[in-house]
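Below is one structure, written out as structure tokens, with a few remarks after it.
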Amino acid sequence: MIRSEQEQIRLASLQQLKDLGINPYPAEEFVVTHRSKSLKDDFKPGVKVSMAGRMMSRRIMGKASFAELQDAEGTIQLYLNRDEICEGEDKTMYNAVFKKLLDRGDFIGIEGETFVTKVGEPSVKVSGFKVLSKAIRPLPAVKTDEDGNVHDAFSDPELRYRMRYVDLCVNEKVKETFVARSNIIRTIREAFDKEGWLEVDTPVLQAIPGGAAARPFETHHNALDMPLYLRIANELYLKRLIVGGFEGVYEFSRNFRNEGMDRTHNPEFTVLELYVAYKDYNWMMKAMENLLGNVAASVHGKTVVTLAGKEIDFTPPYARVTMRDAILEHTNVDIDALDEDGLREACKTLNIDTDPSMGKGKLIDEMFGEKCEHLYIQPTFITDYPVDMSPLTKIHRDNPNYTERFELMINGTEVANAYSELNDPIDQRERFEAQVELGKRGDDEAMFIDQDFLRALEYGMPPTSGVGIGIDRLVMMLTDQTSIQEVLLFPQMRPEQF
RNA sequence: GACUUGGUAGCUCAGCUGGUUAGAGCAUCUCACUUUUAAUGAGAGGGUCCUGGGUUCGAGUCCCAGCCAGGUCACCA
């Protein structure tokens, strides 16, 4: 293995530590009494502390030095004085170990006492330190000046995503994004638990990849000698649980789709699915706008969030626009007045590509997707989708051409998708059969028939409303990120050659 | 998958119409320095110029192929 100059120097330092009888990778617990941010938030001089973390910088001035110690909360300045660390004649710990053999990025544990420097920086005067882990590779040398400008930022996206551990060490904002992600998920979970809804786990490996229309990843179970699919959705399993008598179930579901990757798509992504018995999609709209208002407030302290320079207002209520009205408004086409051929013609006029496999619903979906979707920046419920786009949704109570479905659009992308769930087993069977017909026409994403799911419905499912929320996209909106890679700790990448 | 931009030191980048020994800042090493904070001053070392071919007296630079990434588009409920 070829080592860079800096790595070779660090390996030599590692050996010298061992020669001095210092274990660079000690096993025993190091007791931590304080952490950086909480210590600084309530800072009092003269407090004895024991802290641990990564040494992120050093300013050596002869017999005294300053260093930055980074822990999970942030950083704090250390002050080291040779004669305080080495009280006797032997100055090795300061002159050799601290000044020569430690490097930026090494983990150390320190003991000392808080004080304020003469320029007012809360600091810890170190009385002793211990090597906790020696780093062989140098961290990128990111520096921040007094105006907060970052110099020589570690910014290459390929390196940042491949080595997220380095990204997290040196780019403070990255850590904040993932803390926010965790807070968002926790806020939702707490809200749902408070309602008495049950968090469940359903199969990731499915024999029939149902509940959505997408290309699945396929794998093989050796013992059963059968194909299995990574789930594209968990919807049909959660509904089985409603059949079983739970009145509210939810799951943060990692879903997998074997499709393209871009700024808003990763092959694996997280959807929160929630099903509540005896509710309809109107109730769900209210529940969603309240939830998102609360999530934005709890994570951000306010309900107006800036995303890529645009203000997004999560304060409920959100606008409700039917799909027909949306298309009418933005294209002047009244989908109610047209049959399949008429819709195909309208698409042609609007310069939307069509093919013979597309049914009425797909054509309408194309019109909305091409001409309307990106225009909804503020949170908006698009309601009442065509029947043949929504095979799991109850027919609209007032109009048999539509379903009781909404999608929540924010910043031009879909964040949530919800229905009054179809619980009529006979209708559901017909809808699946219609999907099979679409499949025969060439739609390779048409749904399979899940006979067991139909059987479950035949045992009776109460009226239910369900929703799926794209957690990754929601996190993007609430953390002002425009790439899904920025909200996934380890976004999918082609393997690296070593 | 298509188009496009890029890949040069640990990091961020410069390197012109091809031309001596490939540069800078930070980082690293040596020396000095007991309250600094992008510490400072002096000196030094560090390169598979993404990979493989080709053109040429000569390639980081031009050509071809490939790999990886970003962006745009396509695909994608």
Side-chain angles (χ1 to χ4, degrees), chain A residues 2-10 12-13 56-68 75 77-84 94 99-100 103-105 115-121 123 125 135-163 166 170-171 211-215 232-233 235 257-267 269 271 353 361-362 364-366 368-369 373 382 385-386 389-393 405 407 413-414 416-417 419 443-445 447 468 470 482-483 485 491 493-497:
Chain A
I2 299 160
R3 290 291 191 181
S4 71
E5 182 194 35
Q6 292 195 42
E7 289 168 351
Q8 289 175 35
I9 289 164
R10 284 169 179 240
S13 298
M56 293 303 282
S57 69
R58 249 182 334 178
R59 295 178 289 282
I60 297 173
M61 291 161 299
K63 298 179 185 64
S65 299
F66 291 92
E68 302 299 324
T75 63
Q77 176 168 274
L78 305 178
Y79 173 73
L80 295 92
N81 181 307
R82 186 193 68 181
D83 295 328
E84 291 181 42
Y94 183 78
K99 279 172 69 175
K100 302 288 181 193
D103 291 287
R104 225 173 79 261
F115 78 111
V116 180
T117 63
K118 73 179 181 192
V119 291
E121 178 80 19
S123 306
K125 184 176 289 183
I136 300 307
R137 294 178 186 256
L139 288 169
V142 181
K143 292 198 170 189
T144 307
D145 66 23
E146 58 186 12
D147 298 327
N149 302 314
V150 177
H151 300 261
D152 302 313
F154 179 57
S155 56
D156 183 324
E158 176 169 7
L159 295 178
R160 286 185 48 232
Y161 303 149
R162 286 197 194 283
M163 300 192 290
V166 173
V170 302
N171 292 328
R215 281 188 202 88
I232 56 175
E235 170 158 355
R257 295 187 185 178
N258 202 343
E259 290 163 353
M261 294 163 58
D262 61 26
R263 246 187 18 247
T264 53
H265 296 83
N266 193 68
F269 60 102
V271 174
D353 289 337
K362 186 76 180 166
I364 293 169
D365 186 37
E366 287 292 318
F368 181 78
E373 181 167 308
I382 302 296
Y385 282 60
M389 292 168 62
S390 312
L392 302 168
T393 315
R405 171 179 179 180
E407 289 192 357
T413 47
E414 174 200 343
N417 179 19
Y419 318 140
D443 185 345
D444 54 3
E445 288 175 354
M447 291 183 186
T482 51
S483 165
Q485 296 172 107
M493 303 281 270
R494 280 201 164 83
E496 202 177 348
Q497 299 297 318

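Only heavy atoms go into these numbers, but all of them, side chains included; no hydrogens, no water, no symmetry mates. Order of the sequence lines fixes the chain letters, A, B, ..., with proteins taken first and strands second; residue numbering starts at 1 for each chain.
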A:Arg215, nearest nucleotide to its side chain (from B:U28, B:C75, B:U34): B:C75

base_contact_polar (B:U12 base, A:Ser155 side chain, donor-acceptor, <3.5 Å): no

Would you say A:Arg137 has more than 12 foreign heavy atoms packed within less than 6.0 Å of its CZ? no

Atom C1', compared across B:A27 and B:C13: separation rounded to whole Å: 14 Å

Please give the distance between the C1' atoms of B:A32 and B:C68 as a whole number of Å. 46 Å

For A:Met389, report the nucleic acid contact type (base, sugar-phosphate, nothing); a contact means any heavy atom under 4.0 Å. base

hbond_proxy A:Asp262 side chain to B:C75 base (donor-acceptor, 3.5 Å cutoff): yes

So what does A:Arg494 hit on the nucleic acid, given a heavy-atom distance under 4.0 Å: a base, only sugar-phosphate, or nothing? sugar-phosphate

The side chain of A:Glu68 lies closest to which of these nucleotides: B:U35, B:U34, B:U37? B:U37

How far does the C1' atom of B:C62 sit from the matching atom of B:G71, given to the nearest Å? 26 Å

Do A:Glu259 side-chain atoms and A:Arg215 backbone N/O form a donor-acceptor pair below 3.5 Å? yes

Does a nitrogen or oxygen in the side chain of A:Arg59 sit under 4.0 Å from OP1 or OP2 of B:A39? yes

Indicate whether OP1 or OP2 belonging to B:G70 is found under 4.0 Å from a side-chain N or O atom of A:Gln485. yes

Would A:Ser65 and A:Tyr94 count as having a side-chain donor-acceptor pair, cut-off 3.5 Å? yes

Choosing from B:A38, B:U36, B:A69, which nucleotide comes nearest the side chain of A:Phe66? B:U36

Identify the nucleotide, in any strand shown, that forms a Watson-Crick or G-U wobble pair with B:C26, with both distances under 3.5 Å; if there is none, say none. B:G10

By nearest-nucleotide position on RNA chain B, the 5'-leaning member of A:Glu121 and A:Pro391 is A:Glu121

Closest to the 5' end of RNA chain B, once A:Pro138 and A:Ala64 are matched to their nearest nucleotides, is A:Pro138

Please work out if A:Arg162 contacts a base, only the sugar-phosphate, or nothing of the nucleic acid, heavy-atom cut-off 4.0 Å. sugar-phosphate

For nucleotides B:C49 and B:G23, find the distance between their P atoms and express it as a whole number of Å. 14 Å

Any donor and acceptor pair, going by atom type alone, linking the side chain of A:Arg10 with main-chain N or O of A:Ala135 inside 3.5 Å? yes

Nucleotide of B:U36, B:U72, B:C11 approaching A:Arg263 most closely (side-chain heavy atoms): B:U72

Distance check, C1' atoms only: B:C64 and B:A59, in whole angstrom units. 15 Å

Check if the side chain of A:Glu414 and the base of B:A77 share a donor-acceptor pair of N or O atoms closer than 3.5 Å. no

Looking at B:U30, B:G10, B:C11, which one has an atom nearest to any side-chain atom of A:Asp152? B:C11

Would the base of B:C26 count as contacting A:His151 through its side chain, where contact means a donor and an acceptor less than 3.5 Å apart? no

Between B:U36 and A:Gln77, counting only base atoms on the nucleotide and side-chain atoms on the residue, is there a donor-acceptor pair under 3.5 Å? yes

We want to know whether A:Ser390 and A:Arg405 form a side-chain donor-acceptor pair, criterion being a heavy-atom distance below 3.5 angstrom. yes

Between A:Lys99 and B:A32, is there a contact of a side-chain N or O with OP1 or OP2 at under 4.0 Å? no

Against the side chain of A:Leu159, the closest entry in B:U36, B:C76, B:C11 is B:C11

When you measure from the side chain of A:Glu5, which nucleotide among B:C33, B:G45, B:A38 comes out closest? B:G45

Should A:Lys143 be listed as having a side-chain N or O under 4.0 Å from OP1 or OP2 of B:A39? yes

A:Met61 has a side chain; which of B:G70, B:U36, B:A77 sits nearest to it? B:U36

Short side-chain to backbone donor-acceptor contact, A:Gln6 and A:Pro138, under 3.5 Å: no

Picking from B:A39, B:A38, B:A77, the nucleotide nearest the side-chain atoms of A:Asp145 would be B:A38

Take atom C1' in B:A65 and the same atom in B:A24, then report the distance between them in whole Å. 34 Å

Contact class for A:Phe269 vs. all strands (heavy atom < 4.0 Å): base, sugar-phosphate, or nothing? nothing

